[in-house]
Amino acid sequence: MLYLIILMKTREISKPMNKKSEPIILAIDTSCDDTSVAVLKGRRVLSSIISSQIELHKKWGGVVPDIARRAHQENISKVYQEALKRAKITEAEIEFVAVTYGPGLAIALEVGVAFAKELAYSHKKKFVPINHMEGHMLASFILNQKGNGKIETNKEKAVFPALALLMSGNHTEIIHAEALNKYTVIGETLDDAAGEAFDKVARMMDIGYPGGPILTLLAGRASAKWSDKLSGQKERGDGKPLIEIAGRFGLPIPMIRSKDLNFSFSGLKTACLYRIKDLRLRSKKDSDWTYDFSREFINAVSRSMSVKLKKAIKLHPEIRSVIIGGGVSNNKYIVRETGTLVRKLGKKYFIPEARFRSDNAGMIGIAAYYNIISKKYWLEGEDILTIDRKPMLKL
Amino acid sequence: MEQIKYTGENSKIIIKKALTVLKNGGILVFPTETCYGLGVDATNQKAVDKLLSYKTRREGKPLSIAVCDISMAKKYVEINEIADNLYKNYLPGPITVVSHGLNRVAKGVESEYGTLGIRIPDYKLVLDIISAFGKPITATSANASYLPKPFNIGALLKDTPQKSQKLIDLIIDAGELTHGEASTVVDTTMNNLNIMRSGQINLSEQLSGKKSTMSAQTNSAEQTVNFGGMNMLKYIDEPLDKPLVFFLSGELGAGKTQFSKGLANKLNIKEIVKSPTFTILNEYEYELGKRHGKFIHVDTWRIDSLKDLETIGLDEYLVAGNIISIEWADKFFDDLKTKIESAGGKIINVIFNYLDEDTRNIETYE
């Protein structure tokens, strides 16, 4: 009996994926500050809605983590309705329901998981639980509504083996992806994520939240006095080892001497705190130093990323490409540095379209798509009810 | 609809015409350092409604307003330290500063959270118009939703349906603009210093006159981790009938996460304990001989209200056997203390102070 079911599933899926038979996937992500829902037909994202985009939830750039509101069930059903409406898809047409079940904040994940389970179980849809990080990893594989994207259909396999550099408010990881659905985390942050370091340094500089865009804006006004050439080594006295610095303020490039592929941003954070206190004592106004300082801070983060990425590529010379993902990949300096490095080493470089870099449900949908077609992975019936949120889920 | 070319010398005439339009609740297309914007009197409900009907299917952001200086801004929003710093150092410029609004603009301008985004465009003609008008104007980009941002009037008119064009009263045509990037939005309402300060006062009252039970000067992250471990060893033999909660208080980068790593090490947790700033609450299982339970690592840094603190689900973890470490506990000191004590929990206060960049003084109080 079981064999028969598997056989039936296999037959259903192994049909050539012409447009008619492409699976219609509803994807949900509530792991972060926003509730997002997307509808996909195959690899094409027909709609991707984030709660702050709909009239009722208009707010400033999704920047306030209003947990109480996001935990509200009403929120998700409105975003869901809007996503269906924009995709011109009815509830009956949905074949698969995909949802992030980790990692993230338990009470936030719960909302999405409960909603998805209920929808799949009571309407007899197939259910695909997805790891949020797999979503970030595969965001580059998304096609837009017209079917255009960064990676052509049937060329997906040629991307692998690959390395993925995922950087967000919550994560900084390097992943070795032997093939689709075959991942190993080979490097990760030991303390703060890169996005978090941006936010905290911006807080020290009193320039608001989120830190990434404003620090990037200020860095764009760096003077000719600031130059990457001033980076180098700095003595610290007392027989302490030399440290690598990112420019004239002496901000350290984190973890540059560590032999592994891990990241750490807490030391850089402390160095920033001290430099800022000192600069404020010595300057008339903040804007005398903040432009150059922002540029140097980004340089320190970016160098740390590229040094580790280079190390990872040296360790895995067989890889064909490097995939980028996560909200921090909106930073043009980091993209420029890592992109140049990857291309120089003769590898392909893939970065998602801007709207799929930060947390979104489109990426959960694309991850579900590959789980469905390449691993034939989904749950049905009572099995759906066994899935629970996993706040500390690993890839 | 009237269209007038800005030559750089006819600003007097333009300002006069613009004022007439604004006073009559009309819509103005004006140049900025980013792209062409749509301006109406932000305090006139009819004018704002007309603008909203122009921008059908608006996505994401609420409207922002343009003012001519910080003193005008102060009439419409609360300016805190962060906002003050932004106005003084970086404006005029392509930055939208979000603050708590004072509800003095038309409905639909502030966000549903009561916040309001303010711009001071780096474009003298516009600042002169606002200054002469004496009130803020809306500063949304002049494109209908989904269409590219307009950098010249020809492109704007080509993309705007006739029906919408009829709503425009005056276009100030300053030619091709410099294609500046869209303004960067920063929220200054996070990390409310008042919450933080009152919490810190409560904490220091609590500790005054008390002697620390453990203390250390640490010279590196490793030493801070080790001190965390020593703390765990000291309290690990506490009776199993109540939760044990570490309240960690100290500046950014003072070592709170490192200390928590030390607690986790001694609980034999093999996973990497990372900063919980983004997820707010991280959960680990521990097993230590006969003892087992959960190690809960919390960070209140991104939490700005008691209401949100209530929703993170801390209560369900306040059970015997669990060990909890809360970063930035001082922020909500009284409320957390009440909550934990009413659940029968034992609180250990750990205070982190910087001595210099590499050295911390850490004190533990029961």
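Since the structure is predicted, the reported quantities are computational estimates derived from the model, not experimental observations. Quick note on labels: first sequence line is chain A, next is B, and so on, each numbered from 1. Values below: all heavy atoms of this structure, side chains included; hydrogens, waters and symmetry mates excluded.
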Pairs of heavy atoms under 4.5 Å with chain A: top-ranked of [options]:
options: Ile95(B), Val273(B), Asn85(B), Leu281(B); result: Asn85(B)
options: Asp84(B), Leu252(B), Val97(B), Thr257(B); result: Leu252(B)
options: Glu181(B), Lys88(B), Glu251(B); result: Glu251(B)

Thr277(B)-Lys200(A) side chain donor-acceptor pair, cut-off 3.5 Å: yes
Given heavy-atom pairs under 4.5 angstrom as the criterion, report whether the side chain, backbone, both or neither of [X] touches chain B.
X: Leu268(A); answer: neither
X: Ala193(A); answer: neither
X: Thr189(A); answer: both
X: Ile214(A); answer: both
X: Lys269(A); answer: side chain
X: Asp199(A); answer: both
X: Leu273(A); answer: side chain

Value rounded to 0.5 Å, distance of CD1 in Ile312(B) from CD1 in Ile107(A): 8.0 Å
Nearest-0.5 Å distance, OH of residue Tyr354(B) to OG1 of residue Thr270(A): 3.5 Å
Residue selection (most heavy-atom pairs with chain B, distance under 4.5 Å) from Ser287(A), Gly208(A), Pro391(A): Ser287(A)
Glu196(A)/Lys274(B) ion pair, N-O < 4.0 Å: no
Side-chain donor or acceptor of Asp187(B) paired with backbone N/O of Tyr209(A) under 3.5 Å: no
side-chain contact (heavy atoms from CB on, under 4.5 Å) evaluation trace for Ile207(A) with Leu86(B): CA-CA 6 Å; Ile207(A) 53 173; Leu86(B) 286 164; 4.0 Å; yes
Residue part contacting chain A, namely of Gln258(B), when any heavy atom lies under 4.5 Å: side chain
